[in-house]
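Proteins come first, then strands; the chains are lettered A, B, ... in the order of their sequence lines, and each starts at number 1.
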Number of protein chains: 4
Amino acid sequence: MAEVVGIAGEQLRQFVARIERLEEEKAALTADIREVYAEAKGNGFDTKVLRQVIKLRKIDKAERQEMDAILELYLEALGMMAGGGGEE
Amino acid sequence: MAEVVGIAGEQLRQFVARIERLEEEKAALTADIREVYAEAKGNGFDTKVLRQVIKLRKIDKAERQEMDAILELYLEALGMMAGGGGEE
Amino acid sequence: MAEVVGIAGEQLRQFVARIERLEEEKAALTADIREVYAEAKGNGFDTKVLRQVIKLRKIDKAERQEMDAILELYLEALGMMAGGGGEE
Amino acid sequence: MAEVVGIAGEQLRQFVARIERLEEEKAALTADIREVYAEAKGNGFDTKVLRQVIKLRKIDKAERQEMDAILELYLEALGMMAGGGGEE
DNA sequence: ACTTTTTATAC
DNA sequence: GTATAAAAAGT
């Protein structure tokens with residue numbers, strides 16, 4: 001019965017291993033980020049404010065990208081894009 | 001055995017009914033929104049652009065609120081708020 | 001250049017306003033639903049279970065409607081439908 | 001008024017930079033994980049099942065760690081632990 | 001523990 | 001590609 005899951009089983013094992021490895025690294029980064037906040041706090045910064053700053057900068061960035069996307073859409077709609085997409 | 005679920009069962013029934021009622025209303029609004037997009041499309045607007053506009057305005061609004069929150073936090077941090085907290 | 005967006009601009013403004021209005025109402029309903037779950041929780045119900053109940057009933061309902069649709073198709077195929085409404 | 005934020009400002013800038021760097025790496029890992037799932041799907045695996053497998057293994061692992069922790073506590077209580085750490 | 005935000009799935 | 005539901009993160 002072991003043969004039934006042979007090759008697929010091995011492949012599955014590898015996918016699971018890769019995902020778990022990446023998730024470990026991700027968890028480590030989450031921990032690192034938490035540490036930086038702790039260090040900032042130790043230097044007198046209000047972590048709540050710091051988190052807000054990070055969040056706001058993220059929103060700003062997203063907004064800039066949105067605006068670029070809208071501009072592109074308008075140009076597209078106006079037929080002014082040279083080799084852009086246009087396919088639906 | 002019916003008595004076992006008597007009172008709790010009736011309460012559950014009512015919670016379920018209330019939630020389902022609200023979800024129906026919500027679904028109706030989703031349909032309404034879809035119709036407005038369809039109408040806009042019928043008037044020559046690109047719904048993709050329109051959705052971007054709505055999304056951008058939402059981000060703008062959120063950003064404004066974020067900025068207000070940060071300002072408050074800074075003022076608080078500077079001890080300029082009358083009854084503010086500061087405890088962590 | 002203001003004229004370029006004149007009429008279309010006004011129309012766009014109105015579509016945006018209508019969509020935003022509807023989305024606000026929808027958000028309010030989402031909040032209401034959340035409150036009902038909170039109230040249920042306060043009465044000792046497990047919200048996770050409650051959500052499952054709602055979901056199951058939704059699936060059941062969809063299945064029932066599918067069965068009704070199939071029944072209708074059969075009746076139609078048999079030429080037994082008058083032509084009356086029933087549609088929503 | 002620029003001096004007010006001088007040194008603290010520079011420090012803040014650095015904390016922000018470090019956090020944003022780490023968050024970028026984290027986002028990259030999220031994307032990598034997504035890709036692995038996509039690759040697994042391309043090899044015929046059901047991603048939903050795969051995600052469940054990962055989740056179950058995570059729970060199992062947590063349980064094993066809990067059991068290890070309990071074992072440690074017992075050993076400790078029995079005075080059989082040298083003095084090794086374990087505390088964080 | 002609770003809420004909010006993000007992420008994934010289903011349509 | 002959008003909407004809803006589940007998961008993760010922050011407070």
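- Atom pair L29(D):CG and dT7(E):C1' shows a separation of 15 Å (rounding to whole Å applied).
- Atom pair I59(B):CD1 and dT5(E):C1' shows a separation of 14 Å (rounding to whole Å applied).
- Picking from dG10(F), dT9(E), dT4(F) the nucleotide with the shortest atom distance to the side chain of R51(A) gives dG10(F).
- Following chains of ILVMFWY side-chain contacts shorter than 4.5 Å, one cannot reach V49(A) starting from L75(B), and the two form parts of different hydrophobic clusters.
- Between D32(B) atom CG and dT2(F) atom C1' the separation is 17 Å, expressed in whole Å.
- Applying the side-chain hydrogen bond (donor to acceptor under 3.5 Å, both in side chains) test to every pair with at least one member in residues 34-44 of chain C, sequence neighbours left out, gives these pairs: Q11(B)-N43(C), R18(B)-E39(C).
- Among the heavy atoms of the strands, none lies under 4.0 Å from K26(A).
- To the nearest 0.5 Å, atoms CG (L73(A)) and CZ (R51(B)) are separated by 13.0 Å.
- Listed candidates were dT4(F), dT7(E), dA9(F). Nearest to the side chain of T30(B) is dT4(F).
- When the side-chain nitrogen and oxygen atoms of K55(A) are compared with OP1 and OP2 of dA9(F), none of them lie within a distance under 4.0 Å.
- Taking atom NZ of residue K58(A) and atom P of nucleotide dG10(F), one finds them 9 Å apart after rounding to whole Å.
- Look at CD1 on I54(A): it is 17 Å from P on dA9(F), rounded to the nearest Å.
- Sorted by residue number, the members of residues 33-50 of chain C with any non-hydrogen atom under 4.0 Å from DNA chain E read R34(C), K41(C).
- Contact annotation: the side chain of D68(B) never approaches that of L71(B) to less than 4.5 Å [non-hydrogen atoms, C-beta and beyond].
- As rounded to whole Å, 11 Å separates atom P of dA3(F) from atom CD1 of I19(C).
- Two residues are said to be in side-chain contact when any heavy atoms from C-beta on lie closer than 4.5 Å; L50(C) and V16(B) meet this criterion.
- Between I54(D) and E20(A), the shortest heavy-atom distance links the atoms CD1-CG, 4.0 Å.
- A distance of 14.5 Å separates CZ in R21(A) from CD in Q14(A), rounded to the nearest 0.5 Å.
- Atom CD of E23(D) is separated from atom P of dT5(E) by 15 Å (rounded to the nearest Å).
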